[in-house]
Each structure stands twice: as C-alpha cells, then as structure tokens.
Amino acid sequence: MTRLAANQRHAVHLTLNGKPCSGEAEPRMLLTDFLRHEIGATGTHVGCEHGVCGACTIEIVGNLARACLTLAVQADGCDVRTIEGLAPAPDRLGALQAAFKRNHALQCGFCTAGILMSLDHFLRENPRPSEQEVRDLLTGHLCRCTGYAPIVRAAMEAAAEMADRPAKEKSDA
Amino acid sequence: MKPAAFDYVRAEHLDEVLDTLNREGGDARVIAGGQSLMPMLNMRLARPTTLIDIMRLPQLAHIERNGDNVIIGAAVRQSTLLAWPELAETLPLVARALPWTGHVQTRSRGTVCGSVAHADPSAELPLVLCALGGEVHLRSRRKRRRVPANDFFTGMMVTTRADDELIEAISLPTNRNACAFREVARRHGDFAIVACAAVATKGGVCLAIGGVGDTPVTREFPRLASGALDDALNTFAYELDARDDVHASARYRRDLVRLLGAELIREVLS
Amino acid sequence: MAEASSAKARPGSGSPWVGQSIARVEDAALLSGRGRFIDDIGVGPGTLHAAFLRSPHAHADIISIDVSQAMRSRGVVAVLHGEDIRAMTSSLVVGVKAPVECWPMAVGRVRYVGEPVAIVVASDRYRAEDAVDLIDVRYAVRPAVVDLRAALTAEAPVLHDGFGGNVASDRSFRYGDPDGAFASAPHRISIDVSYPRNSCTPIETYGVVADYNAGEDAYDVLANFQGPFSIHAVLSRALKVPGNRLRLRTPPDSGGSFGVKQGVFPYIVLIAAAARATGRPVKWIEDRLEHLTASVSATNRAVSLAAAVAEDGRILALDWDQIEDCGAHLRAPEPATLYRMHGNLTGAYDIRHLKVRNRVVVTNKTPTGLNRGFGGPQVYFALERLVQRIGVELNIDPLDVITRNLVPADAFPYKTASGALLDSGNYQEAVRRGAREGALAELKARRDAVRAEGRLYGIGYAAVVEPSVSNMGYITTVLTPAERRKAGPKNGAQATATIAIDPVGSVSVHVASVPQGQGHRTVLSQVVADVFGLKPSDIRVNTEIDTVKDAWSIASGNYASRFAPAVAGTAKLAADRIAARLRRVAASQLNTEVDDIVFVNGHVGSRRNPDNKISFSRIAALSHWSPAVLPDGIAHTIRETVFWTPPELTAPDEGDHINSSLCHGFIFDLCGVEIDRTTLQTRVDRYVTMHDCGTILHPAMVDGQVRGGFAQALGAALYEEYAYAEDGSFLTGTLADYLLPTTAEVPSPIILHMETPSPFTPLGSKGVGEGNCMSTPVCIANAVADAVGAKDIVLPLVPAKLAAIVRGAEPAPPARQNSPMQEKRDGDRKLRGEGEAVVSAGAQQVWDMLLDPNTLAGVIPGCHRVERISDTHFRADVTLGIGPVKGRYRAEVKLSDLDPAKAVTLAGSADGALGFGRGEGRITLRPAPNGGTVIHYIYEAGIGGKVASIGGRLLDGAAKVIIGQFFAALARTAGGGSFASERLSWIARLRQWFGGQR
C-alpha cells in the first residue's frame with residue numbers, strides 16, 4: 001500500500017507521448033495542472049474542471065480520460081498521450097490535424113486539443129465510422145466557435161483517408 | 001476550483017481498503033473512475049480526508065457469470081461492461097441503457113459500481129439495477145452482505161452502505177425477457193429528466209423510473225386495458241413526488257412518466 | 001505552407017488572394033498543442049496566485065469580514081477585501097450620469113450572487129482556495145429584486161441610493177409622427193416579450209497577470225481582454241494612474257470571447273491592486289464556476305412593442321417600450337446594449353414613424369456587458385415576433401408582411417427614422433433568393449404532409465439588418481441633448497493598422513484588432529499580399545496588443561464585427577500608402593513612370609515591359625540600406641501607420657438621431673421545426689440563412705462565423721439561460737446546468753450569400769460575426785409559434801414550457817390522493833413540507849426538550865456543540881450533508897411564538913462555505929388518542945449560495961433529507977416513532993432508517 005500524505009509533494013513518474021517524464025505533485029493536484037504547470041505540456045487545456053467541456057481530454061493507458069477529473073498521482077506509472085504527441089514531426093501535421101486545417105474545423109483552437117485526442121483514439125478503434133457515430137463521440141466536447149459541422153466533416157475526411165492509406169500502401173507494394 | 005487537501009492511498013490489496021475504511025470511516029472515500037467524485041472534490045462539495053484508490057486491485061476488475069447472475073466488480077469501467085461480448089445476450093436492458101450514461105470520454109473512466117455508489121437519482125445504472133432486481137455486494141472488515149437494489153438506495157445520493165463498507169461488486173440476474181429503455185434529457189448525455197426502464201415479468205411488466213423521485217422507483221404493472229393502464233400510470237406519476245427545476249417542471253416529468261410508461265409497457269408486451 | 005494546402009488553387013497570378021479560402025496561418029500551432037493562451041505562457045519567478053471569495057447572497061450588507069484565520073493559512077501572502085480595494089483604487093465609471101459608485105469588489109454591501117467579497121493571494125491556487133474557505137464574513141441579508149418589472153415598483157428593494165429607485169435611465173424618443181400614424185391606422189397590433197439572460201461563454205475563461213512597479217507607479221498587465229477599447233481609460237482611472245502608466249498587453253491566442261471577455265476588466269483592477277499590495281506579480285485564471293456565476297452576461301429585456309398597421313400589412317409606425325436589465329451595477333460600457341441598435345429599431349423595414357421609451361433598471365444579478373449580437377437579439381426578438389403576429393392576426397402570410405415592409409432596393413443609402421444610414425443592399429432580392437435557394441416551397445409542402453400525420457411542425461422567418469462598426473458616440477444617446485452638449489460630442493470608430501518593412505524587405509503587419517479565434521492574421525496576410533504582389537505566407541501579422549508600443553484608439557479591439565469592414569480595410573490603406581511610395585522608388589530605379597509600376601509575384605516591375613523588374617524585397621529594403629537613393633519627397637518606406645475613421649459616424653444630433661453603426665449587412669432566415677409530441681423537444685429540421693455582408697474576404701471564415709453564431713443562437717433559443725431564483729440565487733452554475741449545444745443538437749444550416757459591397761468601407765466588406773445571434777433565436781421562435789399556434793413564446797424553449805400549450809390541462813391526480821401542493825418548491829424556490837409523528841413522551845416533556853440545548857444538540861443533524869445565547873436563541877456548529885457532500889456550517893436557531901407545551905415556531909439558519917439555508921417551522925403538540933403526543937410540523941425553507949448554483953438539481957432532495965433528519969431525531973429522542981405522512985416518500989425511508997412505528 002502506498003499512502004501519500006496531504007500537503008506534501010510526491011514524485012510522479014509517467015510516460016508522456018512515449019517519453020519518460022516526472023514531476024512532483026500533492027495528492028490533490030489535478031492531472032491537468034500537473035501536465036501543464038509541472039511538466040510544461042500546455043497543449044491540454046482547461047475549460048471547466050468538472051468534466052463537461054472536454055477540452056482536457058487525453059489518453060491514459062489507452063483509455064480516453066478527462067485530465068481534470070484525474071489526479072496526477074492516479075496517473076503515476078501510466079502511459080499518457082496528449083496533443084503534443086499527435087503530429088508525426090514538429091513541422092508536419094498528421095492526417096487528422098491536416099483535415100482540421102483544411103476544413104476550418106477550428107477557430108480559437110482552445111477546445112481543439114481535446115477533440116483531436118478523442119477522435120484520434122476513436123478512429124484507431126473505429127476506422128470506418130458513420131457520421132452518427134462521430135457526432136455521438138463528439139457530444140462529449142463543447143466548441144463555441146465552429147458550430148461543429150466542419151469538425152464532423154474533418155473527422156469523416158480523416159477517417160476515410162486513414163482507412164484508405166494502408167490499403168493503398170498494400171496495393172502499391 | 002481545486003480540491004481541498006487529502007491523503008491518497010493507493011491500495012494494492014483489498015485488506016488495505018477495508019482497513020482504511022474501518023479506521024477512517026466516513027472521512028475516507030473510495031475513488032474508482034472518479035467521474036462522479038472528482039467534480040465534487042474540485043467544487044469542494046466533498047472533502048474527504050483520505051482518498052482510497054481501488055483501481056490497481058485486479059480482483060475487482062472482473063465481470064463474471066455465476067449461474068444466473070452477472071457479477072461486476074468495483075473496478076470495472078462502464079466502457080468495459082459495454083464492450084463485454086456477453087452483455088447483449090445476458091443483460092439486454094443494460095446494453096440499452098448504458099450508452100445513455102455520460103459520454104464515451106467519461107464511460108472510459110467511470111465504473112459501474114461507482115455510479116451505483118454515487119446514487120444519483122437520475123443515473124441509469126442504479127435504475128437498471130433496480131429494474132432487474134440486482135444486488136449490491138458490500139464488504140467491510142467485519143462482514144460481507146448483499147443488499148437488494150431497491151433497499152440499497154434510500155434517498156438522494158444516500159444509500160444503506162455503512163461508512164466502513166466497500167461496494168465490492170454488484171450482481172445482476174441474467175434476464176432475457178423483453179425489455180425497453182428510454183430516456184429524456186435536455187441534451188444527449190445529460191442527467192435524465194426522466195429515465196424509464198421496462199422488463200417483462202410473469203404477470204406483466206416491471207417499470208422503473210429514474211430522475212423523478214429521490215431514488216429509482218419500480219412498480220409492477222399487470223396486463224391492463226389501455227384506459228386502466230392510463231389510470232394506473234397517472235397514479236404512479238403522482239406518487240413519484242416530482243419536482244420543478246430549471247430543466248423541467250413537475251408536470252412535465254409526470255407527463256413523461258405517463259407517456260413513456262405507456263409506450264414502454266406496450267413495447268415490452270407486444 | 002498556408003496556400004500550398006489551400007483547397008482552392010489560385011487560378012492565376014492576376015487574381016487576388018482576398019476572396020479565397022486559404023488555409024489559416026493560425027492553425028498549425030493550435031492543432032499541435034503549441035498555442036499560446038494566457039495560461040500557457042510562463043510567469044515571472046515569485047508570481048502569486050489569486051482566488052476570490054464570492055457572495056452567496058443576492059443582496060446583503062456586509063457586517064464584518066474576519067480574515068485572520070485565512071491569513072494564517074499555509075502559503076497565504078495577502079487577503080484583501082472591499083475596503084482595501086477602495087483605498088487603493090477609484091470607482092469604475094458608471095454609464096449614466098448619477099451619483100452612484102461601481103466597485104469591482106463589494107464595498108459594504110453585496111448586490112449579486114458571486115460578487116467578489118475578498119481576494120486571497122497565495123503561493124498557488126490550491127492554497128489560495130484553502131484560505132478563501134477560512135474567511136469569516138457575516139452578512140445581514142436584504143430582500144433581493146430579480147425580475148426587471150418588479151424592480152420598477154415602489155416596494156422593490158433599492159440597490160443604489162443614487163438612482164431614482166432602481167431606474168438608472170429613462171429616456172423617451174419620438175421620430176416622425178407616430179401618434180398620428182397610430183391614430184389613423186386601421187390596426188394596432190402589439191406583442192409583449194421577454195428576452196432571457198444568456199451568454200456566449202467562451203471555452204477559455206478570463207485570465208489576468210499583473211505586476212506593479214512602485215518606483216515608477218506603473219502597472220504592467222497581461223489579460224485576455226478584447227481591446228484596449230474605451231475600457232483602458234476606465235482602467236487607468238480606476239487604478240489612479242495616467243494611461244501611459246498602465247501597460248496592457250494581450251497574449252497571442254485567446255480562447256474565444258464573443259464579447260464576453262470585455263468583462264474581465266473589473267478583475268484587471270483587482271489583480272493589479274493585489275500586485276501592488278503584495279509587491280509581487282499576481283496571476284488569476286477564472287474557473288468555470290466563477291465564469292458562469294459572475295463574469296458577465298447579455299442583458300435580459302422586457303419589450304412591449306406595438307405597430308400601426310395598414311390593411312395590407314404595411315407597418316406605418318412602431319411604439320417601443322423597452323426595459324433593460326443590466327444587473328447589479330451599470331458597468332461601462334453599459335447601457336450600451338440598449339443603444340447599440342438605436343438607429344436600427346425599424347430593422348430591415350421602411351417605417352417612418354417611431355416612438356421609443358427606454359428604461360434601464362438594476363437588479364440583484366450579475367452585471368451585464370458585451371455579448372455577441374449585443375442588443376440585436378433583444379430587438380429582433382420583439383420586432384420579428386411582431387411581424388409574425390401581424391401575419392397571423394391579419395391572416396397574411398408572415399413572409400408577405402416581411403416583403404411588403406422591406407426597405408426598397410433603390411433607396412440606399414437609406415436613413416432610418418432614428419438615424420441609421422443603411423449603406424447598401426437589396427433586401428428583396430436576398431429574400432427572393434433565400435426562399436428559392438432554400439427551397440421554401442418544398443418546406444411548406446413538408447409542413448403540410450407532416451401536419452397531416454398529426455405531428456407538430458412549423459415554419460419561421462426572420463429578416464434582420466446586422467449592424468457593424470459601432471459609432472463610439474451611440475452610447476451618448478442615453479444622455480439628453482443638453483447633457484451631451486455639456487460632455488462634448490463623442491463619435492467615430494478609429495481603426496489603426498501598421499505596415500512595416502525590415503532590412504531584408506519582408507513585410508509585417510500590426511493591428512489592434514485583438515482576434516479571439518477569428519483568423520485575423522490570415523485575412524490580413526491576404527489583404528496585404530494583394531497590395532504588394534506577394535504571397536500571404538510572405539507577410540507576417542502580429543495581433544498582440546501592447547498599449548505602450550502600439551498604435552491604438554478607444555475603438556481598438558474585438559467587438560461590433562469591426563474587423564473586416566474597418567481593420568482589414570485600414571491595413572489595406574496602410575499598405576497602399578507604402579505601395580505608393582515604393583512605386584515611386586521603383587519607378588526611379590527602373591527608369592519608368594510611377595503609373596507603369598506593378599507589383600506581381602514578388603517583383604516590382606514595369607507593366608509595359610515585364611522584363612524590366614526588380615525583386616520586391618530589394619526595392620522594399622532600399623529605405624534601410626540606402627535612403628539617399630530614394631526619390632525626393634520620400635522620407636522612408638519603412639513603416640506606415642494609418643488611422644481611419646469613417647466620416648459617416650457622427651455624434652447624435654439634437655433630435656437624437658444617431659447613425660449607430662457604419663455598415664449594415666442583411667440576413668434573411670427561414671426554418672422548419674418539428675416538436676416531438678412526447679418529449680416536446682424542438683428539433684430544427686431545416687435552417688436556411690441568407691447573408692449579404694458586402695464583399696467577402698475569406699469565404700470559409702465567413703461561413704465559420706455564420707455557423708458559430710448560429711450554434712450559439714440555437715443554444716439561446718433552446719437551451720441556455722442564466723437562471724435565477726426569486727431570492728436571487730443563481731441556478732445554472734455548472735456546464736451541466738447551463739447547457740451549451742453539442743454536435744447532437746446543432747444541425748448544419750444551409751448558408752447562402754450575396755454580395756452588395758459597402759460604399760463606406762475600404763474593401764466593401766461589412767461585419768458578419770453577429771448576425772445569426774440576432775436572427776436565429778426569433779426565427780426558431782416564430783417556427784415554434786407556427787407549430788403550436790401560440791402567441792407567447794418564451795426562450796429558451798425548455799420543453800416543459802410547451803406542456804400546457806400543446807397538451808392543455810394536466811390529467812387530474814387520482815381522487816384518493818392528496819393534492820401534491822404541500823410538498824413542492826414553488827416559484828419562490830421555497831421548500832415546503834409537513835409531517836406528523838406519535839411519540840410516547842408527554843407534551844410537556846417534548847416541550848422541555850425543544851427548549852433544552854443539550855437535547856437540541858442531539859437532534860440537530862451533525863451538531864458539534866450548542867451555545868445558548870438566550871432562552872430562545874441557540875447557536876450551533878454543525879456538519880451537514882448527504883452522501884459525500886458535506887460542509888461545516890454555523891447555525892442559529894431561534895424560538896418564537898411560544899405557546900407552552902402546545903406550539904412553537906422554530907426559525908433556523910445555517911451559513912458555510914457551500915452556501916446558506918434559512919428555514920422556519922411551526923411545531924404543534926397535541927395529545928395522542930392512545931397516550932403520548934402527536935408532534936405535527938410544517939415548514940418552509942430556502943437554500944442559496946454556491947450549492948444552489950452547482951447542485952440545484954439535487955438540492956431540494958438533499959434539503960429534505962436534512963430537515964427530515966432533524967424531525968426524525970426529535971421524534972426518536974422523544975421516545976416515539978418517526979415522522980410520517982402518506983405522501984412523503986422520504987419519510988417512509990426515514991422510517992426504515994430508524995425502524996420506527998407510526
């Protein structure tokens with residue numbers, strides 16, 4: 001049993017986007033605050049801190065999670081994926097990100113990180129989703145700028161592209 | 001909007017959970033998926049002095065078939081149950097109701113037992129637990145006991161769980177009878193204004209209503225002619241002690257009990 | 001990279017970038033987690049963090065504030081309350097002439113739930129919040145007034161002594177001969193409507209980082225504010241420094257605003273004061289609960305609107321009576337919401353006679369401020385509902401009423417009765433095309449078919465003029481002409497833009513438009529690239545504000561849809577000026593005439609001889625490297641700042657005519673909605689929105705604005721309301737209560753365009769960001785009115801509101817059942833209950849228990865100790881809660897109306913960090929038939945504060961449990977059964993708990 005005392009900082013180690021990283025947290029520190037202000041990974045945003053807006057959505061051990069409803073100490077030892085790990089290279093966007101850009105699926109970009117994380121996870125598990133399934137997934141996110149239609153369009157486009165790509169690669173070979 | 005301070009216990013054995021609960025009682029709180037508890041911590045509505053994390057206890061993370069029962073451990077996430085291959089066949093009502101619980105992003109963390117422990121009168125899982133006549137498995141250092149769902153929920157977020165008890169699991173009797181589920185919320189994924197589950201029984205239909213009273217309420221309806229059924233549902237609707245809030249009026253809630261009730265009973269009996 | 005991925009390839013080198021939907025320069029960083037929002041930017045070493053204690057009461061005097069325990073809390077550096085702030089700052093400017101103060105933190109009295117009462121500055125936010133919980137404030141609660149009509153009555157509690165009652169302003173206006181028109185018109189058709197409170201609630205909340213330099217008495221503030229705007233002057237005045245000692249900067253990215261972030265300014269004063277008090281930088285990031293409860297909201301408004309109408313539906317005159325609710329303080333720039341549309345009170349219609357009464361009231365609610373649509377939703381909800389009613393009452397198709405009244409196409413520029421100059425348009429054509437391309441005929445057939453199946457289906461229309469580029473003088477219309485003469489004229493809308501060329505000839509643009517997600521940087525790169533014959537990726541645009549270094553004016557900022565018409569146009573003017581000089585430089589270098597010089601594909605060259613050219617960067621850099629070779633009269637080509645204000649924006653005249661905005665786009669919307677017979681939910685089946693916003697600079701961004709505005713407007717129509725209880729408790733303090741539409745709720749509108757350029761703006765463009773917030777709520781309301789055949793449509797269309805309209809009276813309760821009246825929360829949010837129990841103790845024994853502190857200590861739920869203040873007054877320290885929700889409270893119990901051994905009134909209150917409760921119960925004792933005593937009680941109770949705003953859904957049940965605990969314990973102590981009542985299911989459960997008997 002591990003008991004971490006209140007009001008003291010404790011070491012937290014996790015794997016962030018494939019790389020080990022560590023910091024310190026009091027037991028009550030939210031994972032959002034830990035990622036953003038301890039680690040400096042500020043791409044995960046905070047919109048409500050009660051699990052509704054979806055801006056802080058990340059992946060923990062392969063599961064989607066609201067980082068604001070997770071304690072940093074709960075993520076100790078876990079694999080965590082965030083928006084910073086989505087692009088294949090710093091100067092290149094992934095298929096989903098590129099589809100967002102093409103379709104003007106973001107305006108202020110504040111909610112976007114969470115939406116991308118949800119879609120990235122979802123499209124890996126559901127390579128050929130229906131629009132209804134994508135819309136259902138996205139009900140877990142609030143966007144105030146776009147009216148959602150371009151986001152859904154971008155997601156569908158990215159899904160088609162990502163599903164086609166391995167097939168094409170196979171036929172090319 | 002940050003939680004007040006607490007000690008954090010990462011349990012590696014069940015005994016550690018039970019010992020801590022035994023020692024600290026109501027000041028300690030079990031955290032599993034955290035989807036109900038964490039917002040209350042962030043808003044400082046809840047201020048436990050100790051949080052006991054049970055998610056690293058593998059023995060709590062199982063879904064088991066035990067004869068005619070499905071036993072769902074305390075660390076089973078809602079998404080895990082939803083993806084369980086035997087769900088639709090053994091518990092069709094749960095398969096219908098569970099997608100209404102929160103969103104993909106919360107079901108992937110939230111646990112089945114956590115929702116039961118939270119005892120929100122609008123929540124789907126307590127409702128189906130009552131509708132199916134399931135049981136809550138409680139365990140303390142002293143003893144283990146099982147409480148029928150309809151006795152477990154005693155009020156708004158109040159249950160018969162004692163401060164030193166852990167909800168170790170819930171069990172649901174497999175039930176392949178005709179069933180139906182409908183829910184009306186302001187938006188997709190919101191707390192139910194009225195949630196309605198119906199399961200065929202020997203004599204008729206068991207109807208369970210969530211979101212209206214302080215707990216889920218079940219009522220057995222025999223096969224009735226439509227006029228008599230309407231009267232019975234009207235009586236039921238008024239008995240539920242519906243209230244007004246910003247999302248719905250008491251009258252609207254009663255309307256939904258009458259309308260959805262009739263619709264579901266017809267659906268299940270047809 | 002930007003244009004390489006553009007969906008639409010550039011057709012040829014001659015065609016402009018403006019008008020193309022190029023990919024946004026902003027996106028790559030935002031899509032990969034590298035945005036730089038205020039909370040993403042690091043702060044200086046030693047920065048402290050702030051948290052606020054906020055009022056749980058809507059209206060109360062502050063009796064005392066004890067911060068001693070909070071000061072001792074770990075990590076706390078300072079705790080400041082209203083008197084401290086008052087000592088360091090001046091009152092904020094109030095929008096009307098009245099002896100009223102407006103402090104950003106409560107001084108002596110709180111006037112709305114959520115009003116800041118104290119600020120804690122600590123080493124981190126967690127510790128700051130710990131200390132907030134330890135501040136002990138005692139309040140004397142005053143009655144609150146929430147309803148704006150109630151605020152006008154003589155018996156209403158008064159918020160500010162300096163206003164006459166609660167009316168901050170009452171002005172009447174008359175244009176043309178409205179009385180004559182009403183007297184001679186065959187019909188007078190009127191409507192009374194209320195527009196609810198709501199907000200466009202950006203997903204990023206407010207943020208401020210402030211530092212104070214004591215040596216120079218100067219403040220440095222970083223905030224996600226949306227300007228300097230006229231508010232910079234308000235801020236420097238409040239902080240008691242000249243403007244040049246208040247450096248205001250904005251972060252590179254802002255997570256949406258929609259006007260709302262204007263409301264951060266009172267917090268700038270508070271955080272700046274905290275930095276001064278502590279001598280350290282202080283940072284505050286607002287949390288969502290704070291934002292919903294106390295940031296800012298749009299005004300709610302009650303309107304009585306009447307029209308004098310001819311037989312054919314022509315509107316001859318309008319009579320407006322508007323009551324505007326600005327909340328607890330009239331904060332600058334309010335009451336601007338009411339006057340923003342003053343020139344547009346006749347909408348898109350040719351109506352020459354107009355009568356207006358405008359009243360501004362204060363109520364115990366959060367102060368109002370900028371919000372997308374700003375006055376438009378309120379005005380058009382009344383006007384377009386009235387147009388629909390004219391159709392219904394005169395049996396004319398509502399669309400015909402619209403078309404018969406539209407401003408004629410040949411009348412532009414058209415001066416409205418109250419003074420707006422409608423710049424351009426062809427409204428008839430827009431309506432025709434909207435109806436045709438939106439397939440109205442098909443929609444009507446669908447309505448008929450669906451109705452034939454017994455379903456509820458309706459069609460709605462709205463035709464609105466969308467103003468943009470506000471006249472800084474419109475707000476002075478609230479003053480009388482005499483007051484205006486005294487104050488001096490206010491007018492104009494200064495826009496600024498700077499173009500700079502560096503030593504390698506690359507071009508930078510800087511504007512003070514403070515984008516909050518709209519993509520200004522991309523559009524400016526298009527506009528300037530076109531002038532210089534460059535690619536947008538060659539242009540670097542910076543939109544961060546720094547008031548000590550930048551060109552700005554009181555009009556600078558992100559509001560009133562001024563970017564495309566004003567700011568982008570000003571950037572073009574600045575680029576044109578540099579280009580004109582570069583042309584002369586190039587002509588001298590290329591030995592040709594100035595008129596022969598063109599900018600093409602990165603070169604400056606001769607039109608006649610395309611081979612005679614030189615690279616743009618070379619010509620552009622000359623001014624740095626060899627100024628001596630510049631032709632005579634050209635001092636430099638390095639930097640050009642243009643200030644542009646349109647001459648059309650003049651101050652209000654003696655007759656109160658005001659050209660309140662420069663540009664006027666036109667929108668025609670139509671929609672079909674279906675209302676589900678079971679759930680009564682309104683589903684938008686089809687939505688068509690036709691826009692004429694002048695020249696379109698970036699089609700995808702225009703559509704983005706339309707879609708975004710539409711989604712927010714759909715929220716306003718169906719889901720969103722900042723709801724208050726009658727006692728002023730705020731009821732929608734979480735995003736589970738204040739409901740923003742999600743993908744499941746927002747359909748994709750059909751967007752149509754036509755382009756009638758504005759003659760008043762450099763690029764011909766008009767604003768487009770706010771239109772659907774004005775047109776969509778009323779369009780949906782009109783469709784619902786059509787579907788259910790009702791006159792009174794109240795937004796948001798919570799399904800329950802339609803129950804009586806669609807279904808009539810509710811089925812009666814079964815005869816044997818008691819009416820459910822006694823146990824329910826009424827409109828006043830009071831909980832009422834009644835119960836009875838038989839106990840074995842005699843009446844005198846029960847009586848003695850009630851008066852004994854020791855018994856009370858055992859009976860009051862969660863009681864730690866009882867202190868006897870007098871024979872009938874007790875004070876207790878209690879822990880109350882249900883489930884995991886627990887809080888510690890200070891409770892007071894008073895006994896009155898004592899009728900020994902027979903009856904007593906018990907009044908109790910509890911105050912704690914989670915909120916407060918007040919209750920009163922009458923307990924009567926009578927002998928039971930078989931011995932013992934019957935204890936009967938009846939109570940009413942109210943709960944407010946934080947717990948009401950975030951747990952409203954669960955609150956009543958929770959309160960009943962706790963009240964029940966009290967009486968159950970009382971009964972138990974009196975040696976009897978627990979309380980019971982047939983109707984009260986919770987009593988039955990209490991019975992189970994305590995195993996009692998009836």
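Order of the sequence lines sets the chain letters (A, B, ...), proteins ahead of strands, with each chain counted from 1.
In this pair, W100(B) and F181(B) present their aromatic rings tilted. The plane angle is within the 30 to 60° band.
If you tally non-hydrogen atom pairs under 4.5 Å between each of E49(A), H50(A), H141(A) and chain B, the highest count goes to E49(A). When the candidates N7(A), T57(A), L137(A) are compared by the number of heavy-atom contacts under 4.5 Å with chain B, L137(A) comes out ahead. Top candidate by heavy-atom pairs under 4.5 Å with chain A, chosen from R187(B), R10(B), E12(B), is R10(B).
Side-chain atoms of E168(B) never come within 3.5 Å of backbone atoms of R139(B) as a donor-acceptor pair (strictly under, hydrogens ignored). Of the possible polar contacts, one joining the T90(B) side chain to the E86(B) backbone as a donor-acceptor pair under 3.5 Å is found. With T101(B) contributing its side chain and E124(B) its backbone, the two residues share no donor-acceptor pair below 3.5 Å.
If you measure heavy-atom distances from Q8(A) to chain B, you find no contacts under 4.5 Å at all. Residue contact with chain A, scored on non-hydrogen atoms closer than 4.5 Å, involves the side chain of I31(B) exclusively. For T20(B), the part lying under 4.5 angstrom from a heavy atom of chain A is the side chain only. At a 4.5 Å heavy-atom cutoff, the contact between V9(B) and chain A is made by backbone and side-chain atoms alike. Residue E26(A): no heavy atom, backbone or side chain, is found under 4.5 Å from chain B. Of the atoms belonging to M43(B), it is side-chain heavy atoms, and not backbone ones, that fall under 4.5 Å from chain A. No part of I52(B) comes within reach of chain A, as not one of its non-hydrogen atoms sits under 4.5 angstrom from that chain. Using a 4.5 Å cut-off between heavy atoms, L30(A) touches chain B through its side chain atoms alone. The parts of T139(A) that come within reach of chain B are both its backbone and its side chain, each placing non-hydrogen atoms under 4.5 angstrom from that chain.
Here the CZ atom belonging to R65(B) is positioned 5.5 Å from the CH2 atom belonging to W84(B), to the nearest 0.5 angstrom.
Salt-bridge formation is not detected for the pair R28(A)/D33(A): no Lys NZ or Arg NE/NH1/NH2 atom is positioned less than 4.0 Å from an Asp or Glu carboxylate oxygen. Under the 4.0 Å criterion applied to side-chain N and carboxylate O atoms, K143(B) and E165(B) are not assigned as salt-bridge partners.
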Just do the salt bridge (Lys or Arg N to Asp or Glu O under 4.0 Å) check on R3(A) and D7(B) with the steps written out, would you? CA-CA 7 Å; R3(A) 186 175 189 118; D7(B) 282 4; 3.2 Å; yes

